[in-house]
Number of protein chains: 2
Amino acid sequence: MDAADVAVVKVASAIGEPARASMLYALLDGRARTSTELAMLAEVSPSTASVHLDRLKGERLVTVVAQGKHRYYSLNGPRVAYVLEGLSVLAGARPTEFTPSTPDALVTARSCYDHMAGHLAVRLHDHFRAMKWLSSHATHRGMNYEVTPAGASALTRLGIDVAGARSRRRQFARACLDWSERRPHIGGALGAAILDAALKKKWVTRELDSRALRVTVIGRSELRSRFGIESTA
Amino acid sequence: MDAADVAVVKVASAIGEPARASMLYALLDGRARTSTELAMLAEVSPSTASVHLDRLKGERLVTVVAQGKHRYYSLNGPRVAYVLEGLSVLAGARPTEFTPSTPDALVTARSCYDHMAGHLAVRLHDHFRAMKWLSSHATHRGMNYEVTPAGASALTRLGIDVAGARSRRRQFARACLDWSERRPHIGGALGAAILDAALKKKWVTRELDSRALRVTVIGRSELRSRFGIESTA
DNA sequence: TCCATAGTTTGATGATAATCAAAGTATGCC
DNA sequence: GGCATACTTTGATTATCATCAAACTATGGA
């Protein structure tokens, strides 16, 4: 086994332990969490959690920021999120696809690192494309989107900070393949702006300690009237 | 930890053990291998290899086909290959980027499950696109390619079985993001046909027990004269 | 300065997993 | 039928890893 494989084994075995996996998947919603919170989520003692987090940090799966006595842990970038999603698909388990069967909840909506993923995200993507608010162009990195003039005004009227997304030093908008839906949703800065707007307008809310997003009553109404997207129960 | 995470832990920990990882990465070149071969590659005894392979089979990472007394193991589809490549990237190791520094070897060429990946594959992709032998169209699954009429005759003249690729019950041609190059190469049935043709014409040969492909003297000459692709030493 | 809180380090304990040799099973060939 | 080969199963051994409580360190507030 060469040196490269040794590194892979360390990364895979770091993920392949129940407590550490719990913590990693808990961070998949893109939010930072303290070590004490992660200990509780993983159902281990703070000392156990501390050792595990040190291991994850050593393998560059998480980053930590200290603020006073608190230590805030986050996933170390979208590539980690990508592999975790891939492992979920490989395991045959859908990452948090089922939301509680209340009439307001969309069957599948979740935050994928910093943007929306799931059924709702795919439907929004399809709608924006159908309305020709996005144009696509192939690049060496996959398919990217640009916002058309009509799309710019429509999305801005929806409260989506298109200009702010454009000014960020990151990819503006790209097709992000949705592992659970097997179809694209919108990633990049625009994808993050869309999630921000949906949260601000309270069309969706975050589930506590979960990547799932819950579609609110208001959200359901707005999504139906604006986009023709029905939530199914 | 919910049931989904338990499944993920089993998959990740199955990968995260040196002997099993060796066997998985040995299979990443898309060829089937016997359990005895894999035992040798992983430097464990046949009995140890047998138990490990049983574990990998249990987690659906490999499939096995018995032919007489031989057991041939393969990766269980491109999705497994995809996650293994993703783990390699995450681990910071490049999958077999360096070939021995003989003057004939291209720096980066390897087989990725059933098609060619690496620098050469990316250059071929770029050339075929530049010659407009491929047209692209975005689908809900990413970017796909179609062969133009000019491309069909040119590729067929190159010995690439375009018609055979088209008749297969799988995706004809798609942009497959090359993890090491970060640019697309050609996947799908056409990608496999291209690798087949390159092997048949002896432009490339397989390295023994490796995913690396070696560009032959003939291959280097043909690639330069036909496509303007130089191999660098 | 003292106390509470957050988090880390240490040492002991128990569980789990990988390893192999030996024995066993199945297949193929003569 | 007998022998060789490929592979599996079993039991014993060893190493590794996760766990926690206790002690310790760092930070923040009164």
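Note on naming: letters A, B, ... go to the chains in the order of the sequence lines (proteins, then strands), and numbering restarts at 1 for each one.
Side chain of A:S50 to main chain of A:P46: no donor-acceptor pair is present (N/O by atom type, distance under 3.5 Å, no hydrogens or angles). No donor-acceptor distance shorter than 3.5 angstrom exists from the side chain of B:R214 to the backbone of B:T205, with no hydrogens or angles considered. Side-chain N or O atoms of B:E59 include none that pairs as donor or acceptor with a backbone N or O of B:L61 at under 3.5 Å. Using modelled atom types, no side-chain atom of A:T48 and backbone atom of A:V44 make a donor-acceptor pair closer than 3.5 Å. Under the 3.5 Å distance criterion, the side-chain polar atoms of B:Q67 are left unmatched by any main-chain donor or acceptor of B:H70. With B:E37 contributing its side chain and B:T34 its backbone, the two residues share a donor-acceptor pair below 3.5 Å.
Protein chain B contacts DNA chain D from D:dT5 to D:dT9, reading 5' to 3' and using non-hydrogen atoms of the protein with a distance under 4.0 Å.
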Produce the list of close N/O pairs, under 3.5 Å, pairing protein atoms with atoms of nucleotides 18-20 of chain C; give distances to one decimal.
{"from": "C:dA18", "atom 1": "OP1", "to": "B:R20", "atom 2": "NH1", "distance (Å)": "2.8"}
{"from": "C:dA18", "atom 1": "OP1", "to": "B:R20", "atom 2": "NH2", "distance (Å)": "2.9"}
{"from": "C:dA18", "atom 1": "O3'", "to": "B:E17", "atom 2": "OE2", "distance (Å)": "3.4"}
{"from": "C:dT19", "atom 1": "OP2", "to": "B:H52", "atom 2": "NE2", "distance (Å)": "2.2"}
{"from": "C:dC20", "atom 1": "OP2", "to": "B:S45", "atom 2": "N", "distance (Å)": "3.0"}
{"from": "C:dC20", "atom 1": "OP2", "to": "B:S45", "atom 2": "OG", "distance (Å)": "3.0"}
{"from": "C:dC20", "atom 1": "OP2", "to": "B:T48", "atom 2": "OG1", "distance (Å)": "2.5"}

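At a cut-off of 3.5 Å, with distance as the only test, a side-chain donor of B:S13 or B:R55 sits close to an acceptor on the other residue.
In this structure, A:R33 is not positioned above the aromatic face of A:Y73 in the sense of NZ or CZ being under 6.0 Å from the six-membered ring centre and within 45° of the axis.
A heavy-atom distance below 4.0 Å to DNA chain C is reached by these residues of residues 64-73 of chain B, ordered by number: B:G68, B:K69.
Applying the 6.0 Å contact sphere to CZ of B:R60 captures no more than 12 heavy atoms from other residues, nucleotides or ligands.
Using a 4.5 Å heavy-atom cutoff, the side chains of A:S35 and A:Y72 are not in contact.
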